[in-house]
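Got a structure for you, questions after.
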Amino acid sequence: MTRGREVWTLSRWPVLRQTQHPAPGSSRTFTETWVTTPDGRTLRVVNAHLGTVLVTSALRGDWARLRRTAQTRQAQVNLLCRLAAQEPGPVLLGGDLNTPPRGRLYHRLTRCFGPDAHDEAGRGPGWTFPALALRIDHLLARDLRPVRAEVLDATGSDHRPLLVEYR
């Protein structure tokens with residue numbers, strides 16, 4: 001297990017190393033964990049929780065706060081894309097990315113990390129945030145092929161867990 005601020009990466013495979021990266025404009029951290037897969041390859045796992053879009057700021061007309069939020073989220077995605085580019089080979093980005101599949105930041109992240117597991121192997125709408133009928137939690141991967149992606153019905157959070165099986 002590797003733990004950052006607000007994110008954990010759990011692995012049944014041996015953890016080679018881990019590091020934390022401060023998330024720009026936030027007290028959160030992104031974790032980067034290297035594990036050894038059963039076939040002996042090294043898989044890099046990046047776990048992130050991006051800043052939240054504050055709908056209440058838009059409703060109040062607080063455009064300055066919305067601009068700051070957008071700038072912070074852009075800086076966080078810039079950091080994640082730099083991490084993706086640091087090493088070749090398989091890399092998995094997972095977490096509460098607070099961006100739907102139609103979002104500009106989502107598209108940038110898929111260019112940096114690879115396709116979304118739900119797009120490749122999921123069924124149905126994939127709503128991980130059912131209160132607003134949104135899919136904002138994602139697993140994106142380079143050099144991995146998802147064969148199943150499913151949003152589970154578990155409770156205990158306002159988000160639903162996403163289970164993905166890769167081959």
**Message:** Is any side-chain heavy atom of Leu80 closer than 4.5 Å to one of Val46?
**Reply:** yes
**Message:** Has Asn47 got a side-chain atom pairing as donor or acceptor with Thr31's backbone, closer than 3.5 angstrom?
**Reply:** no
**Item:** Centroid separation His159 to Phe129 less than 6.0 Å
**Value:** yes
**Prompt:** Looking at Glu32 and Arg44, does any basic side-chain N land under 4.0 Å from a carboxylate oxygen?
**Reply:** yes
**Message:** As a test of understanding, state which of Val151, Leu97, Asp119 forms a side-chain contact (heavy atoms from CB on, under 4.5 Å) with Arg135.
**Reply:** Asp119
**Asked** Roughly how far, to the nearest 0.5 Å, is OG1 of Thr33 from CD of Gln20?
**Response** 9.0 Å
**Side-chain donor or acceptor of His118 paired with backbone N/O of Trp127 under 3.5 Å** = no
**Complete:** When rounded to the nearest 0.5 Å, the distance separating CG of Asp158 from CG of Leu132 is 9.5 Å
**Request:** State whether the side chain of Thr110 and the backbone N or O of His107 hold a donor-acceptor pair below 3.5 Å, judged by distance alone.
**Result:** yes
**Prompt:** Under the side chain to side chain contact (heavy atoms under 4.5 Å, CB included) criterion, do Val35 and Leu16 qualify, and how do the steps go?
**Reply:** CA-CA 5 Å; Val35 298; Leu16 298 171; 6.0 Å; no
**Message:** On a heavy-atom basis, which atom in His49 and which in Asp96 lie closest, and how many Å separate them?
**Reply:** NE2-OD2, 3.1 Å
**Complete:** Nearest heavy-atom approach of Pro146 to Val164 is CB-CG1, 4.1 Å
**Prompt:** So, do Leu144 and Leu43 sit near enough that their side-chain heavy atoms are less than 4.5 Å apart?
**Reply:** yes
**Asked** Is there a side-chain contact between Arg160 and Asp153, using heavy atoms and a 4.5 Å cut-off?
**Response** yes
**Prompt:** Thr37 versus Trp13: any side-chain heavy-atom pair under 4.5 Å?
**Reply:** yes
**Side-chain (Arg142) to main-chain (Gly89) donor-acceptor, under 3.5 angstrom** = yes
**Request:** May I ask you to decide if Leu50's main-chain N or O and Arg28's side chain share a donor-acceptor pair within less than 3.5 Å?
**Result:** yes
**Item:** Closest non-hydrogen atom pair, Cys81 against Leu109
**Value:** SG-CD2, 4.4 Å
**Item:** Backbone N/O of Ile136 and side chain of Thr128: donor-acceptor pair under 3.5 Å
**Value:** yes
**Which atom of Tyr106 lies closest to which atom of Pro101, heavy atoms considered** = CD2-O, 3.1 Å
**Asked** Which pairs with one or both residues in residues 76-86 pass side-chain hydrogen bond (donor to acceptor under 3.5 Å, both in side chains), sequence neighbours excluded?
**Response** Gln74-Asn78, Asn78-Arg108
**Asked** Of the non-hydrogen atoms in Val7 and Ala48, which two are nearest, and what is the gap between them?
**Response** CG1-C, 4.0 Å
**Complete:** On a heavy-atom basis, the closest approach of Leu79 and Pro24 is CD2-CD, 3.8 Å
**Asked** Measuring from Arg148:CZ to Arg167:CZ, what's the distance to the nearest 0.5 Å?
**Response** 9.5 Å
**Complete:** When Val15, Thr19, Val45 are each screened for side-chain contact (heavy atoms from CB on, under 4.5 Å) with Trp34, the one that passes is Thr19
**Thr52 OG1 to Asn98 CG distance, which is reported to the nearest 0.5 Å** = 4.0 Å
**4.5 Å side-chain heavy-atom contact, Thr9 and Gln18** = no
